[in-house]
Amino acid sequence: MSETAKATASLEERAAHSNRWKALAFIALAQLMVVLDATIVNIALPSAQTDLGISDGNRQWVITAYALAFGGLLLFGGRIADIWGRKRTFVTGLVGFAAASALGGAAQSEAMLLGSRALQGAFGALLAPAALSLLAVMFTDAKERAKAFGIYGAIAGGGGAVGLILGGFLTEYLNWRWTFFVNIPFAIVAAAGAYFVIREPAGGRNRSPLDIPGVILSTLGLVSLVYGFTRAESEGWSDSVTIGMFVASAVLLASFVFVESRVKAPLLPLRVITDRNRGGVYLSLGLAIIAMFGLFLFLTYYLQIVKGYSPVKTGFAFLPMIVGMITGSTQIGARLMTRVPARLLMGPGFLTAAIGMLLLTQMEIGSSYAALLLPAMLLLGLGMGTAFMPAMSLATIGVQPRDAGVASAMVNTSQQVGGAIGTALLNTIAASATTSYIKDHIAGAASKPQQQLVQLEGMVKGYTSAIWFAVGILVVASAIAFTFVNAGRPDLTPASGSAEGDGVEDELKVPVIAH
């Protein structure tokens, strides 16, 4: 290489290095938009249903259309980022998400709204793994990586609660259409910033051809799995279609694993998930999300229906959880990640969240927000923030740059599947406990006010019964983190169990910066 070329490469490398924190701001903004969208639409759904004349039976498809497209296409989106380039995939995902949001906000019919939600999910499946994998290849210094993933983890964890606040404001003071339109400025700013600021390390592209059989099998398998859990919530676990979806999912995903073990250039190299640490992260994160999604659902219902909070007040009631998550992620997780092994943050983090969840099993109709809900949500947020941050980092550290996109997609996939399971499983448990309580106590309620009181008591009984299960799930997540995750301090010890040269050193070999 000539002296001029060397000088140019050096300048580009320094420019990229100095821009990485600006890049983080735009990546974090995009991640916030995606996480916000997961909860913001829930609050607007009743208004949209009335305005567009959507039936009660079809109402769930506003949520399901997004979940199926997002969950089903995540692995495909992650591999596209590896092959096509993470920056290009990231910007494309943002532009597409903005266009789909504009379509949703302008929807004049049920079909138009559902179509826009499916498009949002598809472009989100490009955007989410590209964002996480960009962080993985841009921040390789242990201390800087800890700070970057601390910020990212806080947003990933707390963004859903922020969505409740923003959704409440927009629905109450404007209208439901603004829960879609609000995505557009987020996406434009993030896309423009990413285009001009992000410089992706060279040598991280995967030049292998796309594994088409793997794409088809993984997409159909994940769609079947997510839809199975979604349908179980509305139609029951014994419904023939629900059972059929689970059977189809098992067959498709088993076939996917078989194909991936045989093809030369797999969509999901098995070395990514068979690594002991990454496998432990994916499993424990998925379980934690099961507990978290159920909690968001129950607390929202409890605050609005039982306590009579407005949508805006409900959103603000979740603020302690956001504060806890930001504190746990940036002040505990980020500061200790380079000093102690990840399992000593993840395990205690999930246990702390379990203690917060345990407090919520004491909920009653007249429970005090300040005395019970506030400390419980602080503990939940603190524990989840502390655990999420090292988990997000460990899921991508040590992976070869050419597999960073699909490894990041597995993080999102475990969360998406966990969310679907959490909503269906815990809601079913709650509904069963509520029905049983009302059946046992309604006979003793003579007047209408007494009957209404029994119904409210039954709802709270259902919530607390399901929350007990959530406590157990978090304890299991903690046990998995302690047992499976055996990586040492990231600045000193590479993750053990890495296969095929997937050590930290491999990831750090990206010295040349490309346009």
| field | For Leu426 against Phe298, the heavy-atom pair lying closest together | value | O-CZ, 3.3 Å
| request: Would you name the heavy atoms of Leu94 and Met33 that are closest together and state the gap between them? | output: CD2-CE, 3.8 Å
With a sphere of 6.0 Å drawn around [atom1] of [X], does it hold more than 12 non-hydrogen atoms of other residues, nucleotides or ligands?
{"X": "Tyr437", "atom1": "OH", "answer": "yes"}
{"X": "Phe469", "atom1": "CZ", "answer": "no"}
{"X": "Gln450", "atom1": "CD", "answer": "yes"}
{"X": "Tyr301", "atom1": "OH", "answer": "no"}

Is a side-chain N or O of [X] found less than 3.5 angstrom from the main chain of [Y], in a donor-acceptor match?
{"X": "Arg177", "Y": "Gly105", "answer": "yes"}
{"X": "Thr435", "Y": "Ala431", "answer": "yes"}
{"X": "Ser249", "Y": "Gly221", "answer": "yes"}
{"X": "Thr464", "Y": "Lys461", "answer": "yes"}
{"X": "Lys313", "Y": "Leu303", "answer": "no"}
{"X": "Arg276", "Y": "Phe484", "answer": "yes"}
{"X": "Ser329", "Y": "Ile326", "answer": "no"}
{"X": "Asn277", "Y": "Asn486", "answer": "yes"}
{"X": "Ser478", "Y": "Leu474", "answer": "no"}

| request: Evaluate the side-chain proximity of Thr386 to Thr352: yes if any heavy-atom separation is below 4.5 Å, no if none is. | output: no
| Rounded distance (nearest 0.5 Å) linking atom CH2 of Trp61 with atom CD1 of Ile54 | 13.0 Å
| field | Rounded distance [0.5 Å steps], CD1 in Ile305 versus CE in Met459 | value | 4.0 Å
| message | Would you say Trp237 and Thr242 are linked by a side-chain donor-acceptor pair, where the criterion is simply a distance under 3.5 Å? | response | no
| message | Hydrogens and angles aside, do Ser367 and Gln362 bring a side-chain donor and acceptor to less than 3.5 Å of each other? | response | no
| Chi angles and distances behind the ring pair (Phe, Tyr, Trp, His ring centres under 6.0 Å) call for Phe246, Phe229 | CA-CA 8 Å; Phe246 287 138; Phe229 281 110; 4.8 Å; yes
| query | Strictly under 6.0 Å, is that where the ring centroids of Trp21 and Phe139 end up? | reply | yes
